[in-house]
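Below is one structure, written out as structure tokens; comments come after it.
Every chain is numbered from 1, with letters handed out A, B, ... down the list of sequences. In this text the structure is predicted, and so the values were computed from the model without any measurement.
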There are 2 protein chains.
Amino acid sequence: MQATAFSPHDHSHCISSAIDHAQNLCTERGVRLTPVRQRVLELVWRSHQPIGAYELLAALAKEGFNSAPPTVYRALEFLGEQGLLHKLDSLNAYVGCCNPDTPHQGHFLLCEACNKAQELESQYINLALKLSADQHGFEIQRHTIEIIGTCKECLEKPNLLEPTL
Amino acid sequence: MQATAFSPHDHSHCISSAIDHAQNLCTERGVRLTPVRQRVLELVWRSHQPIGAYELLAALAKEGFNSAPPTVYRALEFLGEQGLLHKLDSLNAYVGCCNPDTPHQGHFLLCEACNKAQELESQYINLALKLSADQHGFEIQRHTIEIIGTCKECLEKPNLLEPTL
DNA sequence: GATGTTATGTTATATTATAACAACTGTCAA
DNA sequence: TTGACAGTTGTTATAATATAACATAACATC
């Protein structure tokens, strides 16, 4: 199986690749990846664990950035519009998008043991959503698809899930 | 097609049926559907439009119920535990469950034109979620599945969607 | 009617997000 | 080179959603 957020990997590569990608994409689109926007994106990518707006705010504050809520919410709004991150509604938290070139909402696996999020783009799910909507004559604009549970790596550490008494 | 939240129907029947069902179910389970809990459930069922906690609170206040946030959040917690309602994470709002006998999270169609929610129990979606999770060795505990768009009835009123200039 | 459990009341506060307006920055044409 | 505009950021305040903590009341049952 391919690498996922859950499996061990060189995460610094994820970060640098995401930032490079974002820079190129913003240049192409003629929009500005300003310092605060880039820094927010880097912070979001600091791990595969979705991060909350106020946690971002605290991190920015430590680094001398302006630290009022609108600062971070504006950056999140911009990054969201550019498809560079997703909001996870069930967590009120934000996670980087690996595939920002084409607009999409994505489907997410959220592990409650390690708190990491893995984005999927499942054609099974897309088809199932389409079929269900069609059955009701419903036209889909967007969706929130979050699958919550335990990832493979955490399942393989049973001692953490079922501590000995 | 069967009746849905979106199509015209005798809604008073939805309400009374939901309350009857809830009363029976609570009796069977030996839990108490106290006045405030029942009233919250009735308010949630007042329409098929999901309702927010503070809107419930305001309605309770008008009727002389205690009106501090914990009152309504406790009722919502109880009703959620009993499977009598669902929270919609993308809206921070609550909607009654038609099928509270068996525990489930459900899938929702949310119409942005009429703001109504229709719960689905699509085996297509369940299967697609399972397949996607299995591919990653992921064990599902629960999920948030919200399909946002425009319902059949609202699509059939094109003047509302594309106002004449 | 004493006791334990469940439910509610009450006050305060935490968490998440936006409104509104002022000030600054970059761009580009006149 | 400046002035006009669009876009971005700063700042203050507040809205909207949700929970913590502790006191009191109601109910069950022995």
Report task. Using a strict 4.0 Å threshold on nitrogen-to-oxygen distance, state whether A:Glu156 and A:Lys152 make a salt bridge. Result ->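 Salt bridge between A:Glu156 and A:Lys152, a charged N being under 4.0 Å from a carboxylate O: yes.
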
Between atom [atom1] in [X] and atom [atom2] in [N], what is the gap in whole Å?
X       : N      : atom1 : atom2 : answer
B:Glu77 : C:dA7  : CD    : P     : 11 Å
A:Leu88 : C:dT16 : CG    : C1'   : 15 Å
B:Leu33 : D:dC27 : CG    : P     : 15 Å

Query raised in the report: Judged by atom type as modelled, is there a donor-acceptor pair below 3.5 Å linking the side chain of A:Glu146 to the main-chain atoms of A:Ser90?
Result: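 Yes, the answer is positive, given that a donor and an acceptor are paired below the 3.5 Å cut-off.
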
Requested in this report: Would you confirm whether the ring centroid of A:His143 sits within less than 6.0 angstrom of the ring centroid of A:His104?
Outcome: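 When the ring centroids of A:His104 and A:His143 are compared, they turn out to be at least 6.0 Å apart.
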
Query - Protein-to-nucleotide contact annotation, 5' to 3' order, nucleotides 8-19 of chain D [B base; S sugar-phosphate only; - none; under 4.0 Å, heavy atom] - result: SBBBB----BBB

Requested in this report: Flag yes if more than 12 heavy atoms outside B:Tyr124 fall under 6.0 Å of its OH atom; otherwise flag no.
Outcome: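 For B:Tyr124, atom OH is not crowded (no more than 12 foreign heavy atoms under 6.0 Å).
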
Query raised in the report: To the nearest 0.5 Å, how far apart are CG in A:Asp101 and CG in A:Asn24?
Result: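 The CG atom of A:Asn24 is 9.5 Å from CG of A:Asp101, to the nearest 0.5 Å.
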
